[in-house]
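Positions are given from 1 along the sequence. Computed from a predicted model, the values in this text were never measured in an experiment.
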Amino acid sequence: MADSSKDDLLQLIKRIGAFITLKITNLFQNLDLRSVGAMAGLAFAIVFTCRILRSPSGPQRRRPKRHVFSPGSSGVSSHFSENIATSGVSAPSEDSSAQNVIDEFFQPVKPTVGQIVRQRLSEGRKVTCQLLGVILEETSPEELQKQATVRSSVLEVLLEITKFCDLYLMERVLDDESERKVLLTLEDAGVFTSGGMVKEKVLFCCTENGRTSFVRQLEPDWHIDTNPEIVFQLARFIKYELHVSPTKPERTAMNVFSSTSLEQFFGTV
């Protein structure tokens with residue numbers, strides 16, 4: 001009966017540990033010192049309870065010893081086996097169950113995409129970003145005259161950036177129809193339904209120098225671009241830059257980072 005009660009309590013502790021594990025990700029970013037103390041107290045309570053469960057609950061009745069001697073034996077091995085059976089030592093499975101509860105409670109918590117974005121951007125609050133080759137599949141203004149396609153792998157990161165940062169998207173285009181295609185594609189992808197992203201923050205120009213001027217005027221904390229010349233020119237004026245290139249070039253300045261894609265920089269692929 002006592003063993004059944006212990007098993008029930010262990011199962012309850014396991015369920016508590018599983019529930020905490022599921023919820024801890026959402027709570028992690030909002031924890032303050034009081035919350036941390038409460039969580040630590042709960043952890044100690046679980047450990048203490050498990051130790052109590054593993055210890056003998058009271059005096060145990062000793063079974064009468066039965067000495068069985070087989071011909072040719074000294075009787076020592078029989079006596080030793082009987083002592084082990086009646087010593088009250090906890091079964092290995094019970095210790096393992098308690099340890100599993102503790103392991104589940106303290107297992108590493110995987111950060112959310114939003115937490116990764118904030119960490120990688122060093123809490124920067126304004127970001128400017130080129131569209132071609134970063135957000136869009138197309139890599140030239142000529143391609144935009146035919147179609148515009150949002151890269152599916154970058155969408156989650158892009159939406160998280162719009163929630164946390166004041167984001168401006170910009171690109172060089174050859175005609176008004178290209179602008180219309182880009183805005184419609186971004187709208188269909190849901191870019192304007194999350195965070196503070198609006199169509200007015202998508203800027204178009206007719207030259208590469210025009211994009212440089214946009215960035216200089218906006219004075220962002222981060223600028224993301226595929227053009228190495230623009231990255232080089234802005235390195236003196238912008239706090240941080242991300243150069244997106246399939247070849248991942250060498251770092252040209254301490255404030256310039258490089259990556260093969262925006263999503264790769266945030267580790268989501």
Side-chain angles (χ1 to χ4, degrees), residues 112-118 120-227 229-231 233-244 255-257 259 261-263 265-266 268:
T112 65
V113 176
Q115 290 171 334
I116 295 173
V117 166
R118 287 191 287 270
R120 292 291 279 161
L121 292 181
S122 303
E123 301 299 322
R125 299 309 300 266
K126 183 183 285 188
V127 178
T128 54
C129 180
Q130 182 185 10
L131 282 163
L132 286 173
V134 181
I135 307 302
L136 301 178
E137 295 280 3
E138 292 72 27
T139 58
S140 70
E142 289 75 19
E143 291 182 78
L144 287 181
Q145 290 182 303
K146 301 176 182 178
Q147 63 181 18
T149 311
V150 173
R151 301 175 65 245
S152 58
S153 58
V154 80
L155 191 56
E156 183 179 13
V157 168
L158 179 64
L159 294 178
E160 287 298 332
I161 294 176
T162 64
K163 294 177 184 177
F164 177 70
C165 301
D166 188 14
L167 176 65
Y168 292 83
L169 302 176
M170 52 190 64
E171 193 47 70
R172 178 170 74 94
V173 294
L174 301 179
D175 52 37
D176 293 341
E177 182 63 18
S178 296
E179 292 186 21
R180 189 190 70 80
K181 284 187 175 71
V182 170
L183 290 174
L184 183 60
T185 298
L186 293 174
E187 184 175 17
D188 290 344
V191 174
F192 301 127
T193 61
S194 176
M197 192 65 198
V198 293
K199 292 182 180 180
E200 287 72 24
K201 291 184 179 180
V202 183
L203 310 177
F204 298 98
C205 55
C206 6
T207 65
E208 293 289 272
N209 287 335
R211 188 162 73 251
T212 303
S213 298
F214 281 154
V215 177
R216 289 285 305 275
Q217 293 172 20
L218 290 169
E219 297 181 337
D221 299 302
W222 280 83
H223 177 62
I224 304 165
D225 211 292
T226 63
N227 190 320
E229 184 61 29
I230 290 181
V231 171
Q233 292 176 6
L234 292 174
R236 296 176 297 165
F237 308 103
I238 306 303
K239 188 175 182 180
Y240 300 109
E241 287 189 281
L242 175 61
H243 182 194
V244 176
N255 62 329
V256 176
F257 300 85
S259 177
S261 67
L262 185 64
E263 57 270 35
F265 179 70
F266 291 102
T268 60

Could you check if a side-chain atom of Val202 sits within less than 4.5 angstrom of a side-chain atom of Met197, using non-hydrogen atoms only? yes
Output for pair (His223 NE2, Lys126 NZ), nearest 0.5 Å, gives 14.0 Å
Would you give the length of the straight line joining atom CZ of Phe257 to atom CZ of Phe265, rounded to the nearest 0.5 angstrom? 6.0 Å
Can you measure from CG (Leu203) to CG (Leu131) and round to the nearest 0.5 angstrom? 9.5 Å
Quick one: pull up OG1 in Thr212 and CD in Glu229 and give me the separation to the nearest 0.5 Å. 8.5 Å
Taking Thr149's backbone N and O only, do any of them form a donor-acceptor pair with Glu137's side chain (distance below 3.5 Å, no angle check)? no
Distance col, row Tyr168:OH vs Lys201:NZ, nearest 0.5 angstrom, shows 5.0 Å
Is the side chain of Trp222 donor-acceptor paired with the backbone N or O of Leu121 at a distance under 3.5 Å, no angle test? yes
Which heavy atom of Leu159 sits nearest a heavy atom of Val191, and at what distance? CD2-CA, 3.9 Å
Using the side chain to side chain donor-acceptor pair (under 3.5 Å) rule, pick out the option among Glu208, Gln233, His243 that qualifies with Asn227. Glu208
Cation-aromatic face contact Arg172/Phe204, 6.0 Å, 45 degrees: no
With a sphere of 6.0 Å drawn around CZ of Arg216, does it hold more than 12 non-hydrogen atoms of other residues, nucleotides or ligands? no
Side-chain donor-acceptor pair present, Ser178, Asp175, cut-off under 3.5 Å: yes
May I ask you to decide whether Glu138 forms a salt bridge with Lys146, counting only side-chain N to carboxylate O separations under 4.0 Å? no
With a 4.5 Å cut-off on side-chain heavy atoms, are Leu136 and Leu144 touching? yes
Are the side chains of Val134 and Val154 in contact, using a 4.5 Å heavy-atom criterion? no
Under 3.5 Å donor-acceptor, Thr185 side chain and Ala148 backbone: yes
Measuring from atom CD of Gln130 to atom CD1 of Ile135, what distance do you get when rounded to the nearest 0.5 angstrom? 10.0 Å
